[in-house]
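Throughout, residue positions are numbered sequentially from 1 according to the sequence presented. FYI, side chains are in, hydrogens and waters are out, and symmetry mates aren't considered; it's all heavy atoms of this structure.
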Amino acid sequence: MDAETFGLFRSTIRRFVDERLIPAEDAVEEADAVPDAIVNEMREMGLFGISVPEEYGGLGCTMSEEAALIRELTRASVVFRSVIGTTLGIGSQGIVIDGTEAQKREWLPKFASGAAIASFCLTEPEAGSDAASLRTAAVRDGDTYRITGTKRFITNATRANVFTLMARTEPDVKGAGGISAFILPADTPGITLGKPDKKMGQKGSVTTDVILDDVVVPAANIIGDVPGRGFKTAMKVLDRGRIHIAAVALGMCDRLIEMSLAYAMERKQFGDRIANFQLVQAMLADMKVDMLTTEALLQSVAAKFDAGEAVSLECSALKLHASEAVGRIADRAVQIYGGAGYMAEYKVERFYRDVRLLRIYEGTTQIQLTIIAKQMIRQAGA
Ligand SMILES: Cc1cc2nc3c(=O)[nH]c(=O)nc-3n(C[C@H](O)[C@H](O)[C@H](O)COP(=O)(O)OP(=O)(O)OC[C@H]3O[C@@H](n4cnc5c(N)ncnc54)[C@H](O)[C@@H]3O)c2cc1C
């Protein structure tokens, strides 16, 4: 995208956020659902196609461009982003990165237009952080596989037309090597969904179990047509996803700082606006520092990613820093608002709950730390 077109697209998203999404936040929280009309508007704007290459009908944004657009979008409740998040990220990128040409031609144009929604099924009841221990079994039967197992906490499962699903095709290979990634249409017989989970926050985004009972899928649906490579595909998808999650965090940092500053300038105590008290100023300044360090790291990691550098360690460091930073910022926002910060009407308590998730999914903070340290040790040659 040339700079002018990109700038225009970005301002369109900014207007959409200010005029359409922010005013709809309370209704979404109340109904625990994003209205279809808003989903359709997002579809018409091309938001589902941000990450799909142009040759398959998408906008073909670089990671730096995607991050800038997602930051813009997540100045509104992160729940709106979650509608498109799995389709432009973890649900589709396995096919973009490792899919065969036929798989790309079949699915990517549908993702780009928003005609098909994709979800990502890795986590299981007994396999979360230790995803390589997953048990969902795919047993070869002629030209097909028969898949049985349960996937847990799957975002957008209720909306999905297709799942990128990780299952064990080689039962004798215990770890990552025995896992394959399947493209599994959601209407395949044998798939049922659990009840939507009741969550701490992010009301309006849906997660459920995906239960697979002897689901028959063609062997040709293995991503890249290469069995045993699924875990590697999942890890590549997650590296990229961590940059995306950092952009989500950054959008919320912007919003929380904007709100906190406005409140501190308006609220008066002891005959003065609270923004004039140095202890409140310290909270505002700490928020800004957390935002700026996240912004700088995000821009640098996304640029390296776009240049094709190996940035797995940096992606983990970025996801960790951004998700912890927005957590600190949300906590300070509640504090600056005082009692109002605890009240639903003022929204910061909602954002505080919403951003808590960022430290947990797509690899917890502890898992990012272990990834960083293991790579440091490997690089040191030990
Ligand atoms: C709202 C929501 C949406 C989600 N969406 C999806 C989705 O779309 N698709 C999908 O596949 N998954 C999804 N997940 C699952 C998510 O990725 C996992 O919850 C996450 O990876 C953590 O796994 P777990 O919940 O099993 O926690 P556990 O792995 O049981 O971890 C529990 C605690 O132990 C710590 N821990 C675990 N191992 C170590 C270790 N080696 N060293 C140090 N500490 C460790 C963890 O950091 C954590 O603090 C979602 C989860 C939520 C809550």
Side-chain angles (χ1 to χ4, degrees), residues 51 82 85-99 107 111 117-138 145 147-171 173-186 188 191 193-194 197 199 205-212 215 217 221-224 226-245 312 315-316 319 323 357-368 370-371:
S51 62
S82 132
T86 54
T87 305
L88 66 88
I90 53 179
S92 70
Q93 289 302 308
I95 301 175
V96 174
I97 297 169
D98 278 340
W107 288 104
F111 296 151
I117 304 269
S119 277
F120 178 76
C121 297
L122 178 64
T123 305
E124 298 181 357
E126 306 297 331
S129 299
D130 184 12
S133 71
L134 64 82
R135 294 180 187 170
T136 293
Y145 280 90
I147 307 181
T148 298
T150 299
K151 294 293 178 178
R152 179 133 296 172
F153 305 149
I154 304 306
T155 304
N156 283 331
T158 52
R159 291 182 190 274
N161 303 92
V162 66
F163 299 113
T164 294
L165 179 128
M166 266 48 71
R168 190 166 297 284
T169 41
E170 278 127 281
V173 183
K174 285 288 167 246
I179 295 169
S180 300
F182 287 87
I183 302 169
L184 180 62
T188 312
I191 300 178
L193 303 182
D197 299 308
K199 309 189 302 311
S205 77
V206 193
T207 63
T208 65
D209 277 6
V210 175
I211 302 144
L212 306 120
V215 174
V217 57
N221 280 31
I222 289 184
I223 291 183
V226 185
R229 204 176 63 180
F231 195 76
K232 281 199 181 134
T233 297
M235 292 306 112
K236 286 186 231 171
V237 166
L238 287 174
D239 270 354
R240 194 184 174 288
R242 284 167 187 154
I243 304 178
H244 179 103
I245 293 293
S312 187
C315 289
S316 285
K319 197 268 184 182
S323 59
L357 178 59
L358 303 185
R359 288 149 69 185
I360 296 171
Y361 68 0
E362 301 203 21
T364 65
T365 287
Q366 290 69 38
I367 291 305
Q368 308 308 333
T370 62
I371 293 171

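- Taking both residues in full, the closest heavy atoms of S180 and G228 are given as OG-N, 2.9 Å, listed atom of the first, atom of the second, then distance.
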T233/I97 under side-chain contact (heavy atoms from CB on, under 4.5 Å): CA gap, chis, key distance, verdict: CA-CA 8 Å; T233 297; I97 297 169; 5.8 Å; no
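- Side-chain atoms of R229 come within 3.5 Å of backbone atoms of D98 as a donor-acceptor pair (strictly under, hydrogens ignored).
- A side-chain donor-acceptor contact under 3.5 Å links K319 to the backbone of L358.
- Between C121 atom SG and D209 atom CG the span is 10.0 Å, to the nearest 0.5 Å.
- Panel note: side chain S51, backbone G89; no donor-acceptor pair is recorded below 3.5 Å.
- Between the T86 side chain and the A118 main chain, a donor and an acceptor come within less than 3.5 Å of each other.
- Between S316 and I371, the shortest heavy-atom distance links the atoms OG-CG2, 3.4 Å.
- Of all non-hydrogen atoms in A160 and A186, the two that sit nearest each other are O-CB, 3.3 Å.
- Looking at N221 and P185, their side chains come closer than 4.5 Å, going by heavy atoms from C-beta outward.
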Please lay out, stage by stage, how Y361 and T123 fare under the test side-chain contact (heavy atoms from CB on, under 4.5 Å). CA-CA 10 Å; Y361 68 0; T123 305; over 6 Å; no
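- Separating the CD1 atom in I222 from the OH atom in Y145 is a distance of 4.0 Å, to the nearest 0.5 Å.
- Using a 4.5 Å heavy-atom threshold, the side chains of T136 and I147 count as touching.
- Judged by distance alone, with hydrogens and angles left aside, the side-chain atoms of T164 form a donor-acceptor pair with the main-chain N or O of G91 at under 3.5 Å.
- Between V226 and K232 the shortest side-chain heavy-atom distance does not fall below 4.5 Å.
- Between A167 and F182, the shortest heavy-atom distance links the atoms CB-CE1, 4.1 Å.
- Using a distance-only test at 3.5 Å, with no hydrogens or angles considered, no donor-acceptor pair links the side chain of S82 to the main chain of G85.
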Determine, stepwise, if the pair S312 / M235 fulfils side-chain contact (heavy atoms from CB on, under 4.5 Å). CA-CA 9 Å; S312 187; M235 292 306 112; over 6 Å; no
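- With hydrogens and angles ignored, the 3.5 Å screen pairs no side-chain donor or acceptor of T87 with any backbone N or O of F111.
- Using modelled atom types, one side-chain atom of R168 and one backbone atom of V173 make a donor-acceptor pair closer than 3.5 Å.
- Within the model, atoms CD1 of I367 and OG1 of T370 stand 4.0 Å from one another, a figure rounded to the nearest 0.5 Å.
- Within the 3.5 Å criterion, the main-chain N or O of L238 finds no donor-acceptor partner in the side chain of E362.
- Within the 4.5 Å cutoff, the side chain of T188 has no heavy atoms near those of the V217 side chain.
- A distance of 7.5 Å separates CG of L193 from CD1 of I211, quoted to the nearest 0.5 Å.
- In this structure, R152 CZ and E126 CD are separated by 8.5 Å, a value rounded to the nearest 0.5 Å.
- Rounding to the nearest 0.5 Å places CD1 of I183 at 5.0 Å from CD1 of I223.
- Not one N or O on the side chain of T207 forms a donor-acceptor pair closer than 3.5 Å with the backbone of I154.
- Taking 4.0 Å as the cut-off between side-chain N and carboxylate O, K151 and E124 count as a salt-bridged pair.
- The heavy-atom pair separating V237 from G94 by the smallest distance is CG2-N, 3.4 Å.
- F120 and I90 make their closest contact through CD1-O, 3.1 Å (heavy atoms, listed as atom of the first residue, atom of the second, distance).
- The pair K236-D239 does not count as a salt bridge, with every side-chain nitrogen at least 4.0 angstrom from each carboxylate oxygen.
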